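All figures in this text were calculated on a predicted structure; none of them were measured in a lab.
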Amino acid sequence: MITVRLPQKKKELEFPGPRRVMDLLADAGVRPTTVIVTQGRKLLTKDHRVEDGTTIDVISVVSGG
């Protein structure tokens, strides 16, 4: 299983793997343009393939002035 952590929502989801980041975001109901995805200190692209047993963090991005 792949663990997807959504710290801002205080939520943790699990999905069977392997899957691409964009597919995990869609399954989690997250718009890809509003977040960055990391695995530890590594930034993942939307096309990155995530393997079973992996934990990723989905972090909301806020911009403005």
Side-chain angles (χ1 to χ4, degrees):
M1 296 300 273
I2 299 168
T3 302
V4 178
R5 295 190 298 199
L6 304 154
Q8 281 89 3
K9 294 184 179 181
K10 298 181 181 174
K11 196 173 180 183
E12 194 170 292
L13 305 170
E14 289 190 333
F15 299 99
R19 292 181 129 160
R20 293 179 306 163
V21 168
M22 69 174 64
D23 297 329
L24 290 166
L25 292 175
D27 291 344
V30 176
R31 290 177 39 206
T33 56
T34 63
V35 296
I36 60 171
V37 179
T38 62
Q39 180 183 358
R41 292 181 166 204
K42 181 178 172 185
L43 182 63
L44 304 181
T45 64
K46 294 174 192 150
D47 291 325
H48 185 90
R49 182 181 156 126
V50 181
E51 300 295 333
D52 265 333
T54 303
T55 298
I56 63 172
D57 292 310
V58 178
I59 301 165
S60 296
V61 177
V62 177
S63 64

Task: Flag side-chain contact, heavy atom, 4.5 Å: Pro32 against Met22 - done: no
- [ ] State, to 0.1 Å, how close Ile2 and Gly17 come at their nearest heavy-atom pair, and which atoms those are.
- [x] CD1-CA, 3.5 Å
- [ ] Please examine the side chains of Val50 and Arg19, heavy atoms only from C-beta on, and report whether any two atoms are closer than 4.5 Å.
- [x] no
Task: Separation of Arg20 CZ from Thr45 OG1 (nearest 0.5 Å) - done: 10.0 Å
Task: Over all atoms of both residues, closest heavy-atom pair of Ser60 and Val35 - done: CA-CG1, 4.0 Å
- [ ] Can you measure from OG1 (Thr3) to CD1 (Ile56) and round to the nearest 0.5 angstrom?
- [x] 9.0 Å
- [ ] Measure from the side-chain N and O atoms of Asp52 to the backbone N and O of Pro18, and report whether any donor-acceptor pair falls under 3.5 Å.
- [x] no
- [ ] Supply the atom-to-atom distance Leu43 CG to His48 NE2, rounded to the nearest 0.5 angstrom.
- [x] 10.5 Å
- [ ] Would you give the length of the straight line joining atom CD of Gln39 to atom CG of Asp57, rounded to the nearest 0.5 angstrom?
- [x] 9.5 Å
Task: Distance-minimising heavy-atom pair for Glu51 and Thr54 - done: O-OG1, 2.7 Å
Task: Atom pair OG1 (Thr55) and CD (Glu14), whose distance is rounded to the nearest 0.5 Å - done: 8.5 Å
